[in-house]
Amino acid sequence: MSKADLLREVRVEGLSEAQATRHIEALREEIRRHDYLYYVLDRPEISDAEYDRLYDRLKQLEEAFPQLITSDSPTQRVGGQPIAGLPSHEHATAMLSLESVTDPDQVRRFDERMRKAAGGPVHYVLEPKLDGASIELVYEHGRLARAVTRGDGRVGEGVTENVKTIRSVPLRLHAAHHSVPPFVALRGEVILYVSAFEKLNRKLIESGLEPFANPRNAAAGSLRQLDPRITAERPLDLLVYEILAVRGVSFRGEDEVLDALRRWGLKLPQKIEMGEGLDDIMAYHAHWAAERDQLDFEIDGVVVKVADLALRTELGTTAHHPRWAVAFKFAPRKEVTRVEDIAVSVGRTGVLTPVALLRPVEVGGVTVSRASLHNREEVSRKDIRVGDLVRVHRAGDVIPYVVERVPEPGRKRGEPWTMPERCPACGAAVAERGPFTYCPNHFGCPAQLVGRIQHFAAKDALDIEGLGQETSAALVERKLVRRLADLFALTPEDLIPLEGFAERSARKLVEAIRRRKKVELRRFLYGLGIPEVGASVARDLAEHFGSYEAIMEASREELEQVSGIGPKMSEAIAAFFEDKRNREAIQALLDAGVEPTKAPRRLQRPLDGLTFVFTGGLERYSRDEAKRLVESLGARVASSVSRKTSYVVVGADPGSKADDARRLGVTILAEKEFDALLRKAGAGR
Ligand code: IVH
């Protein structure tokens, strides 16, 4: 049978164990190949839907032949059960740390020492120093045997089940181009991308839980979860940079090591370079210092390693670190400074955010004088008061925030800070929602109006150049703008007296505003600042409904027809349009001449917005056919059952998905009912 035949949908019932083995092996190999293309090389060759189909087929076969399941099957990445505690493991060899330096002079002395030992110029491997959690991966005969945290360097904690959820980690080393050793222990770093870290923290804060201080702590915390299913939800990655110990293979230079790591299918840090001498080291360091804010992962320096492995052996190690490498760190992005006051800022949505006003301090090359304290509960949890010494952190483009208070024993502190009872911008009595405090005076509060104007003019909204925070604030303060619609009545004469405006710039802004009267519906919708509606939801709504009138009149059920809109969003959207004041504000915009252009309406299909899951064999349709049919009618097909699933179609010999459906109360369709539903949609047999 050809490979393509082995990958195709099969009827499980008729298969012998030997036949099933061949299908299973082929599917696993294919899935591993696509995992590698997607997670390691970032170069996928098939769509997510095609991948899901391969995965579902394998899952189905393994459900029918459970005796064929092996621990390195792609289906076993998220199979682990919660455990009571993490086991201890001794490392293959001690996991040392690196000597850190920050001063270029220290690097020069390091290079001198290396040249002296080598008796000539030295080749270095230059790598970014990833700021994550260090990990040991042990492969025995090519199979991932265990993953162990660094611990105290000699003994760490076994986190194998959790590391298996990281899709860039091969469960088996690739053997095709390079012999796989009977034993190899690797060292790498587990990281959490900054974007994922921010999302995770937002979720934690919203649920009233303690956020992580930085991506490194979040990565380490996720890695040490006792329930691998929680780890699986965090998009961790693992980059390998060293061989700790190996049997059966030998290497001369680090270039050979890195080459072997790549061929075994491991993911390495980007842009590892070879260099010679001090100049290359300095240039590499300068490059990453400038680049680090653009990266989606944190690096805190660069690592300089002697490339020649014989020279490494000759130089040896101290008790703590190798003598052949050095971490050349960047200026820290955490600094200590004093809180001079705590102010409260009111944003577009009315949320009151406490902001620490700081004695200005340079943090990683940027002067910082304000830092967010998130919300009321964060201030009391960290117990930050006016006059305290605090540690401030700045990561990437993120707004700086206060990490913690630095205790000063014996110093008399100020009073505990409390949230004001009235909105500092409009004086309305504030209300509380979970850990958040907000001003309920949505339409009368000038601070919220300033935020709304900025949002209305933002890039993804009307994209009005020259209407930023300062101008918005001045317009509100001078009472030139009391509602969004007033923007369109502004004249150059109104603007000229404002700070920073002259005749030409005033004309330019008025013209820029006027030009945006005709605006795409998705931009208009996003600009309204409907709770829960970001730029992409706004686009989906615009495409689905075609006009703002249709959206305004849509019921919650109709809104939920749009893919990606669930009950929470539909409620927020419906509530927004039900509010008389919002309707008036929109009407005023239309009266002022704003004209949202109709979006091309996407063809409505009978099963739009529904999600199907299939389990077991159907008589009249192959799995592929059934999937293609429902997809062509607008539905989505998922590989696992959740509360959001609309229907689970159950055929002969169903798997655990049928139980999942019953447990979650999802509607189950037998083949006959499924067929009837398709016929009603115009496609059944
Ligand atoms: S080499 C014996 N290379 O930095 C050499 N370490 O103390 C051991 N790190 O906790 C480390 N990126 O986890 C090396 N490219 C890199 C690294 C790196 C990050 C971490 C490592 C260790 C710390 C150094």
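Whatever order the structure lists ligands and atoms in, that order sets their numbers, starting from 1. Quick note: residue numbers are just sequence positions, from 1.
- Residue P128 has at least one heavy-atom neighbour below 4.0 Å for each of these atoms of ligand 1: 12 (N), 15 (N).
- Every atom of ligand 1 is numbered from 1 in the order shown, and the set under 4.0 Å from a heavy atom of R187 is 8 (C), 10 (O), 11 (C), 13 (O), 21 (C), 22 (C).
- Using a 4.0 Å cut-off between a side-chain N of Lys or Arg and a carboxylate O of Asp or Glu, K382 and E378 qualify as a salt bridge.
- The closest protein non-hydrogen atom to atom 13 (O) of ligand 1 is E189 OE1, 2.5 Å.
- Distance from atom 21 (C) of ligand 1 to its nearest protein heavy atom, with residue and atom name: Y241 OH, 3.2 Å.
- Where the criterion is an N or O separation shorter than 3.5 Å, residue side chain and backbone included, L130 meets it with respect to ligand 1.
- Remark: E254 engages R312 in a salt bridge, criterion side-chain N to carboxylate O under 4.0 Å.
- The closest approach between any non-hydrogen atom of K305 and ligand 1 is below 4.0 Å.
- A salt bridge is defined here as a Lys NZ or Arg NE, NH1 or NH2 lying under 4.0 Å from an Asp or Glu carboxylate O, and E30 with K3 meets this definition.
- Checked against the 6.0 Å centroid threshold, F330 and H285 count as a close aromatic pair.
- The shortest N or O to N or O distance between K129 and ligand 1 is under 3.5 Å.
- Checked for salt-bridge contact, E242 and K305 meet the test: a charged N lies under 4.0 Å from a carboxylate O.
- Taking every non-hydrogen atom of E127 and a distance limit under 4.0 Å, the qualifying atoms of ligand 1 come out as 3 (N), 15 (N), 16 (C).
- Near S97, meaning under 4.0 Å from any of its heavy atoms, are these atoms of ligand 1: 7 (O).
- Taking all atoms of both residues into account, the shortest heavy-atom contact from R77 to V169 is NH2-O, 2.9 Å.
- Applying the side-chain hydrogen bond (donor to acceptor under 3.5 Å, both in side chains) rule to Y241 yields the partners E189; only residues at least two apart in sequence or on another chain are considered.
- Electrostatic pairing of D383 and R385 counts as a salt bridge here, judged by a charged N lying under 4.0 Å from a carboxylate O.
- Contact atoms of ligand 1 toward P322: 2 (C) (distance under 4.0 Å to a heavy atom of the residue).
- Among all non-hydrogen protein atoms, the one lying nearest atom 5 (C) of ligand 1 is L98 CD2, 3.8 Å.
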